[in-house]
Amino acid sequence: MSLVLILLPLLAGAVLFALPATDRTASRAIGCVAAAITFLLPLVSQGDGNVTAHWLSRPFTASLHFAWSGISFWLVLLLALCTFCAILSTNMNRPRVMIALLLMLEGSMMGVFTARDVLAFALFWDLMLIPPFFALVGWGGHRETAWRYLIYNFAGGLLLLLATAAFGVIYGSTDVIGTSHQLLGAWAPWIFAAFAFAFAVKTPVFPLHTWMPATYADSPPPMVSVVSAVQSKAGVYGLLVICLPFLSAAMAQTRWIFIIMGLVSLLYGAYVALVQTDGKRVVAYSSLSHLGLIILGIFSLNPIAIAGVIVYIVAHGLFSAALFLILGYVEQREGTRSLTRLGGLGAHNPKLAGAFTIAALGALGLPGLAGFAGELVILTGVFKAGLFWPALIALIPIVLASAYMLRLLQDIINGPEVADIPQRADLTLTEALALAPLLAALVVVGCYPHALLSTGFSAMPSVAAAPAAVVGERP
Amino acid sequence: MIEFAILAFVLIVSAIFVITASKPIYSVVGLLAHFAALAVMYFSLAAEFLAVIQVIVYSGAILMLFLFVIALLSSGVSPFAEGPNRLPKIAVPALAFVLILLGFCVYAAARAPVAANAGAVSASIAGPVGAANVFGSVGDFGRALFTVYLLPFEITAFILMVAVIGVILLAGDATPYVPTRRRARLVEREMREAVLRAGEE
Amino acid sequence: MSAYGVSHHMGIDGNYPVLFVIWLLPLAGAILNWAFGPQLQRMSAWLGSAVLAVSFIATLAAWGIGTQSSDGALGAHQALFSWFPGFNFGLLLDPLALIWVLIITGVGFLIHLYSIGYMWSDSAIARFFAYMNFFVFAMLTLVLSDNFVGLLVGWGLVGLASYFLIGFWFFKPTAVAAARKAFVINVVGDVGIMFAIFIIFARIGSISFADVFANPHALDPWLFWTCVFLFIGAAAKSAQLPLHTWLPDAMEGPTPVSALIHAATMVTAGVYLVARCAPLWSASHDAQTLVGTVGCLTALAGALLGTAQWDIKRILAYSTMSQIGYMIMGVGVTAYSAGVAHFFTHAFFKACLFLGSGIIIHELSDEQDIRLMGGMRQRAPVAFWAMLSAVLAISGCPPFAGYFSKDRVIYGALEHGYVWMWVVGLITAGITAYYMFRLFFVTFLGTYRGDLDPASVGVDREEHAAHQEPHHAHAPAWLMAVPVGVLGVFSLIGGWIMVTPSSPWAHFFAQSFPRETLPPPAISEAVTTALAIVMLLAGAAVAYARYATAPALADAPERLRRETQTLPAILVHLYYFNELIDVLFVRPARAAGAFFSQWVDPHFVDGAVREVVITNRFLGTLVRSFQTGLLRAYALIVVFGAACFAVYYALAGGAR
Amino acid sequence: MHASLLPAAILDYISLSFVIFAIGVAGVLLRRNPLIMLMSIELMWNAANLLFLAFARAWLNNAGHIFAFLVITVAAAEAAIGLAIVVVVFRSRANVDVDEVALLKG
Amino acid sequence: MNNLFTAQDWNAVAPLFIVGCVALLVLLADLAAPKHANRYVSIGIGIAGLAAGGVYAGMQYYAPAYDAFGGGFINGGFTIVFEEIIIVAAMFSLAMCANIGRADRMAGVTALILWSTSGAMLMAGAANLMTIFLGLELLSLALYCLCGLSDRPAAQESALKYLILSSTASGFLLFGMALLFGASGSVLLSALAAPALAANPLYWIGAGLFLVGLAFKLSLAPFHVWSPDVYEGAPLPITAFMSVVTKAGTLAVFARFAYGAVPHASSSPLLIPFFIVAGISMIVGNLGMLAQTDIKRLLAYSGIAQIGYVVAALAGTSALGVRYAIYYLVAYTFMNLGVFAIAALSSSDNEEGSRIASFQGLAHRRPVLAAVMSLFLLALAGFPPTAGFLGKILILSTNVGTGFAWLAGLLIAGTAISLYAYFKIIRLMYEPHVRPHETVRAAAPLAYVSVAVCAVVVIVMTFYPFTPSNVLPLVK
């Protein structure tokens, strides 16, 4: 069942190449249908679409095992939704190829999120680097951006490979995602280190982030919306489903390193976003900041924080996807993303302004929207885990977030109208439709994160198993 | 013992002469001497057949080939003219180092205690030299070659075929050719251009 | 029943549909106005007001359930949903909430009505009413919530509404800037409450008021800090020092907004929070001192700034700040009912003042500088009488509403042993009387100065031009007159329900707040009242002498100009708070951002990456530099390797 | 004949062949004329042959003889091909200095 | 005397004799065949002969291992797997000849390729020093000629370099063999495993020089210097042939030596230097690729690194290691030959499609071809879903298991370096800007077939990992 999620988009992407190169409507239709199916399938079908096939028996047991249980379920939905919206809003030269790339990206990432086997996970992990690379080659402004994205992430992927091999040899099987067992011994810290590097690069976390702003700024909007919304979550997902259940002892030993890295990312991203003049870079650095919060939450090793992380993963996915799409619309209309050049769009584009406002508010953690629920629960958990100062420091970026997000919002849609930009028409119906589901989900998740939270609590078998020091409840 | 010393001396001197001779033709002469001395030494090692082969094949065939080629090339324009030495400077110390290492190996090997007990003289080889089934004799050699070592022997057939066909293909179908400086320069330029074209991307 | 007179389970559990009516109707109105604004046009104004009317009536209907009580449980409690154990959400209508809801819907309704006229010709009238309704919804969320997180949600949403309404005319750069400032400073407050929530949840494991208030000392040793972080939120929202700077700028919004949000309701959320957390404050004496002090100082500082302003709305803004200082002082020193009482009366007279000034501003087609007014009595009689009533009320003249509540607060401070607060409170009362009458006289008496050259009265044009509201055609006069009149009347009678300690008011809150029996202070309440009236008369007299005597009126322009030039700089520059914040927070943040993005990112972090790449390139060239193409070089390399091998094996093989 | 069929200690043969081998290597490294390089290679191979025969004698195992025989055969073929290649190279350039034969590099 | 060797003995070597004799058949057929068709006649017969040999060998796959000709040649799973790899590679190379090289020489070229193949097949089974040496020389001698068989000066130069350097290396190999013979008193590999030898310096020095010879043939750094030049100079099909067959044959010999001829091998420091040079060549090879402009040269460096990975799998001489080495070797064979086949397809007269620049904009001229090319490059870079990916996993796990983690680390580092070089070609193919259309010769369908086969295998192997179980390189 879950193979459909992987194969359908890939096949659809391949089919598109049969169409004429300039075609837009047909490819859009095909793409949207494929994405929609991948979205509805997990919702309507009973069970978790478990599929498994034997793969390796030596040097360790591995099987092509896929299912969408637990956290995967939400990421699958998020991915399908973002892809749907991205495809719907694809409106550039050579649209057919872009849509095909989006579909391939979806397929490969479906593999990452549904894989129950670390080896399969690693397989799709590398695979999902390729579509964005081609998007950067085809549409990106600078050549080295593509290289930076690819090489940086592939370096991570290689260490993931090494870690996977070591994990398999030590544990005897890689068909483990969804189960839990403390891996101890001299190897564990090294395996964890390798995993952590791969995940940290992908997320990204502070010292390893430099591929990210350039990539986000250069990629075409539909691609970057999916990459930032979902692909950047692959690292976090890995931490949750591989490191937490198997290596939380090692995590506990090194937690302070990551807590500090998370805090630095939080502050660093926020401060840098404060002074960027390229709209996309503002959002890019804000993502760095937000994902820092997620890292902080995970390494607090507290069930509540982890539950919040799940909410925040989805929330960030929704609003960053929406923001990038909107910035794409703006750039397409006005031919620039520079906050210094834009202004006063609100007067003529009320729909754009409205959507933009909701997305930005979601990003700055307005109470009642998804972002807030995530932040609040994460930090509640972090504090409960006894991390007083991290919780306190993590509040500063929230204030900064309101500052830079409002700056982004107001510099573009408020203020007097700017004479020397085209001031083109308001959102078309398609564009509005592409945003609507994201924003609606933002509100719904903001009020009713119950399901996500409960997933989060159930995603934590290992913490219960881990030493008490790990869980660090306040005495 | 003494004859070994003499032979060794001849071998080494002739070898050195081979690699130091100013003209290839002298080297060939040096090599001839070397092979002759080797043949004698083989004989002293109770390998009469090999001694004979050494003389016939090496001195008789291979060296003739060398001579022939030298003669052929000498029809050209200064075939053995040597341009400037292009080896980078680093080569000199490296070369010295390599030779020292090799010297060490010689020393190491010479000091090596050998499991094989030297000069093990068993009665089995007593008897008139040249008689069959005596170690090293033609009969002994032939029996081994056509029984135990049949497979290697068969393979040599292929090897010789390769040599024949290969040489025919390489040098066989060439139109008669008179190298001149002008033509050489043409070829040179054409080749350099080819390289540059490939190199510019 | 805990030791604090607050029941364990606040409110009687049950299903109360009326709560949903009160709560969600404004939201419905907001959504309708937002979605169908273009179609509705002016209809949206009526729709928005009607929604409020219904909501108000529903509130009156809910009076019974709001005040009901059985075995200590007080009011009505409606459970909603739960995120996870300890994170339970619900609605709570008890007397405290009821008062706020009444003001929000009642006064809110009047202001909506007024806005119809005020915004009559604004093309974005539908958006305006959508925002207004949304604000009411948010404010109701705040006061109806039965837990801290729900309160925080409302807290954030009212901030958002205020952001929208301050920046309503988003083509005005000043409005945009003011909106952003207001929002960011309010987020500081939100963050404070968030942290308080962390502490509360970590210590108590629940966020609902009932569980927290059941035993505040479970928070020890964090009780004081919980209060501090909660109060950070309160201070930001209620414009207490040092987080007050956004309030005057907020006057960029349309005048009805100032009346509703920045006078009557939202800015008093801080008061609500402290009153709501009465058990916590009663349990922490340090918190009382802190909050009382801050409130008291804010009252004084606001009043002083009020004396040095010329923009009519800014004067009112500072007076709001000062009055809220009183309230905070009141609730801070645990004179809860007094503080809440002052909120109650203040809602009437301050709304009345704003709306009255709105009429004038309207009349003078958006002139806000009182130096360019004068002689308004003839041109706006309704405003004159209503504002007279309100001015008397705010300066605490019996029997006007303000008199009763303000006395309660000042005397409350004394009762709880804060003599110096009592003193400052009295002084502030005098100052208040002075600047309010100054406003009143300069605006209404004398002759109209609007046609003079602005410079002649000391008006600086550029800075002045910024405060222009867009011109709009006039609406039916009664639309704006009626609400002002009503509010004027309430400014008079609003306080009569709290005349004696055994008044309905006191009785109303009998169960809501911790009961304490205090020793009677040295100075009696009568003395306090007398002194207050003396201060009032003094302040009024000075104002009269400076602005209302015949000679003063005669050369008003000259005097105003001179006063403008001689105002003390520290007041003109608002104690340099803006500059201070700029230097302490804004600039450093910008600098850090610039430093990170222009130096650290490209050179330090990315530099490392680039080094790796460069090294690789270099090594690549190195490797290829061995490929000299020279046969002998290759042979040398091979033999070199071979020799190394040979030596290794010679040594490893034991040949020494 | 009885005196000693192995006129010297095996170690002397080892040393001798090592020396000849080293001389051959030196020839390959030092000379720039492919013909002489080929001759040096022949020297190396013959050193090996000498060793084979010495050990064959020492072990009284005629495998060494066979091996030497095969080496000689291969050497013949190799020399033939080598010389042919030298001729071909010489055809395209007027001389055969290996230092001049450096089109391919990098 | 005549019943000295049984039919079993002949069965063992029959495949390579078939291949060798078909070479003669090709030469004869060339005399008969009409001039215009002789190219295809030779290739056809050649491929048929190879197929015959392959089938014959394959039929014996499941038979238990035994040694033929008194230990001269060991038949068994290991031998046959390598023979098959070699035969397949030879087939692909012949297929590439379909549109490269002079037609009138084709018969000779085919014959030489076949003999060279049989030499490699001999190495696959060789279990005594003589057969090893002869196999190696048969392989090499034919290759010297093949390299020189072109009118391009570069080709002749490459032949000269290859000849001189390779003969020198053979000298080392031979000298090493002589010492091994001296130490053990036997030419059989099996005799070399005698524990007593572990203390014999002659044995050690001999093994050392022997390994030098093998390292040279495998072109492990620093013995790799010849391969870039030779690969670039040689005609494309020959380069393809060399890149697989030489390495496969030599690897078989090394595996046999490492597993069978080293006293208590897994713990002995005797093989360590070999694995060290394997590690070095992972790095050196990948670094060398970085700034290449000629695909053959690039693949030479790539091959240096890739064979480094394969050898790394043998580190610790674990039973699984050899299986994964074979897996990766097969993977390497197909992805590498795939690239060569496409290069051959897009080749034109003036440049044999070997200039990387000639791939620019290929995606617009021939999208499918470009896609497949990308697949092969991805595989070489170790990207999923290709055999290159799984192969790396297997090797890494072996190294972790046998405690050679440092090799795993080098493998990771090397792969990271290589990425840029491979993706540069991909980027070039998909670059929007298209350069003027090349004069691409109408390619034979044969070439397309081989590309397709490679592509399919490279993907299928990922999900059906082929790791034969009876491939322990026995010596007795």
Side-chain angles (χ1 to χ4, degrees), chain D residues 10 13-14 17-18 21 24-25 28-29 34 37-38 40-56 58-61 63-64 66-71 73-75 77-82 84-93 96 98 100-106, chain E residues 128-131 133-134 136-138 140-142 144-145 147-149 151-168 170-188 202 205-206 209 228-233 288 291-294 297:
Chain D
I10 189 72
Y13 288 94
I14 296 174
S17 50
F18 254 105
F21 187 81
V25 172
V28 174
L29 294 179
M37 286 178 142
L38 285 172
S40 314
I41 292 167
E42 299 295 347
L43 285 179
M44 293 162 68
W45 290 34
N46 276 287
N49 264 358
L50 173 58
L51 210 48
F52 271 118
L53 293 176
F55 282 124
W59 290 99
L60 293 176
N61 174 349
I66 309 290
F67 213 132
F69 170 77
L70 298 172
V71 171
T73 322
V74 173
E78 189 249 3
I81 292 171
I85 289 174
V86 171
V87 169
V88 170
V89 170
F90 174 79
R91 282 225 191 97
S92 60
R93 317 140 193 264
V96 289
V98 294
E100 301 299 328
V101 186
L103 278 179
L104 304 164
K105 60 178 69 151
Chain E
N128 84 23
L129 300 175
M130 285 181 202
T131 37
F133 175 72
L134 288 175
L136 195 60
E137 284 305 319
L138 179 53
S140 312
L141 288 174
Y144 304 151
C145 309
C147 291
L149 281 181
D151 301 335
R152 291 174 307 111
Q156 298 151 3
E157 173 178 340
S158 72
L160 181 65
K161 283 178 173 171
Y162 191 20
L163 175 88
I164 303 273
L165 292 171
S166 178
S167 312
T168 318
S170 305
F172 281 98
L173 184 83
L174 203 53
F175 205 79
M177 284 179 168
L179 289 169
L180 288 175
F181 170 63
S184 67
S186 154
V187 289
L188 291 174
L202 282 185
I205 301 179
L209 296 179
D229 288 12
V230 174
Y231 280 39
E232 183 179 355
Q292 295 304 338
T293 60
D294 181 297
R297 199 172 186 82

Taking it one step at a time, do Met177(E) and Met130(E) satisfy side chain to side chain contact (heavy atoms under 4.5 Å, CB included)?
CA-CA 9 Å; Met177(E) 284 179 168; Met130(E) 285 181 202; over 6 Å; no
- In sequence, state the C-alpha distance, the side-chain angles, and the governing distance for Tyr13(D) and Phe55(D), and then conclude on ring-ring contact (aromatic ring centres under 6.0 Å, His included). CA-CA 9 Å; Tyr13(D) 288 94; Phe55(D) 282 124; 9.2 Å; no
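The parts of Phe175(E) that come within reach of chain D are both its backbone and its side chain, each placing non-hydrogen atoms under 4.5 angstrom from that chain. In this structure, chain E has heavy atoms under 4.5 Å from both the backbone and the side chain of Ser17(D). Heavy atoms closer than 4.5 Å to chain D are found in both the backbone and the side chain of Ser158(E). Looking at Phe21(D), only its side chain comes within 4.5 Å of chain E, counting heavy atoms on both sides. Interface remark: Leu134(E) contributes side-chain atoms only to the contact with chain D (heavy atom separation under 4.5 Å). Contacts of Val25(D) with chain E are made by side-chain atoms alone, with heavy-atom separations under 4.5 Å and no backbone atom involved. Contacts between Val88(D) and chain E at a heavy-atom distance below 4.5 Å involve backbone atoms as well as side-chain atoms. The part of Glu137(E) that comes within reach of chain D is its side chain, from C-beta onward, which places non-hydrogen atoms under 4.5 angstrom from that chain. Residue Leu129(E) touches chain D through both its backbone and its side chain, counting heavy-atom pairs closer than 4.5 Å. With a threshold of 4.5 angstrom between heavy atoms, Ser166(E) does not approach chain D through any atom at all.
Ranked by heavy-atom pairs under 4.5 Å with chain E, the list Pro34(D), Ala56(D), Ala84(D) is led by Ala56(D). Among the candidates Thr168(E), Val230(E), Val187(E), the residue making the largest number of heavy-atom pairs closer than 4.5 Å to chain D is Thr168(E). Listed options Ser167(E), Gly288(E), Ala159(E) were ranked by heavy-atom pairs under 4.5 angstrom with chain D; first place goes to Ser167(E).
A heavy-atom distance below 4.5 Å is found between the side chains of Val74(D) and Trp45(D). Within the 4.5 Å cutoff, the side chain of Asp294(E) has no heavy atoms near those of the Tyr231(E) side chain. Residues Leu38(D) and Leu163(E) have side chains in contact (heavy-atom distance under 4.5 Å, counting atoms from C-beta outward).
Listed for the Asn128(E) side chain is a donor-acceptor partner under 3.5 Å among the backbone atoms of Thr131(E).
Here the shortest heavy-atom pairing between Ile10(D) and Ala58(D) reads CD1-CB, 3.9 Å.
By the 30° and 60° cut-offs, the orientation of the rings of Phe52(D) relative to Phe67(D) is parallel.
Met37(D) CE to Ile41(D) CD1: the interatomic distance, rounded to the nearest 0.5 Å, is 7.5 Å.
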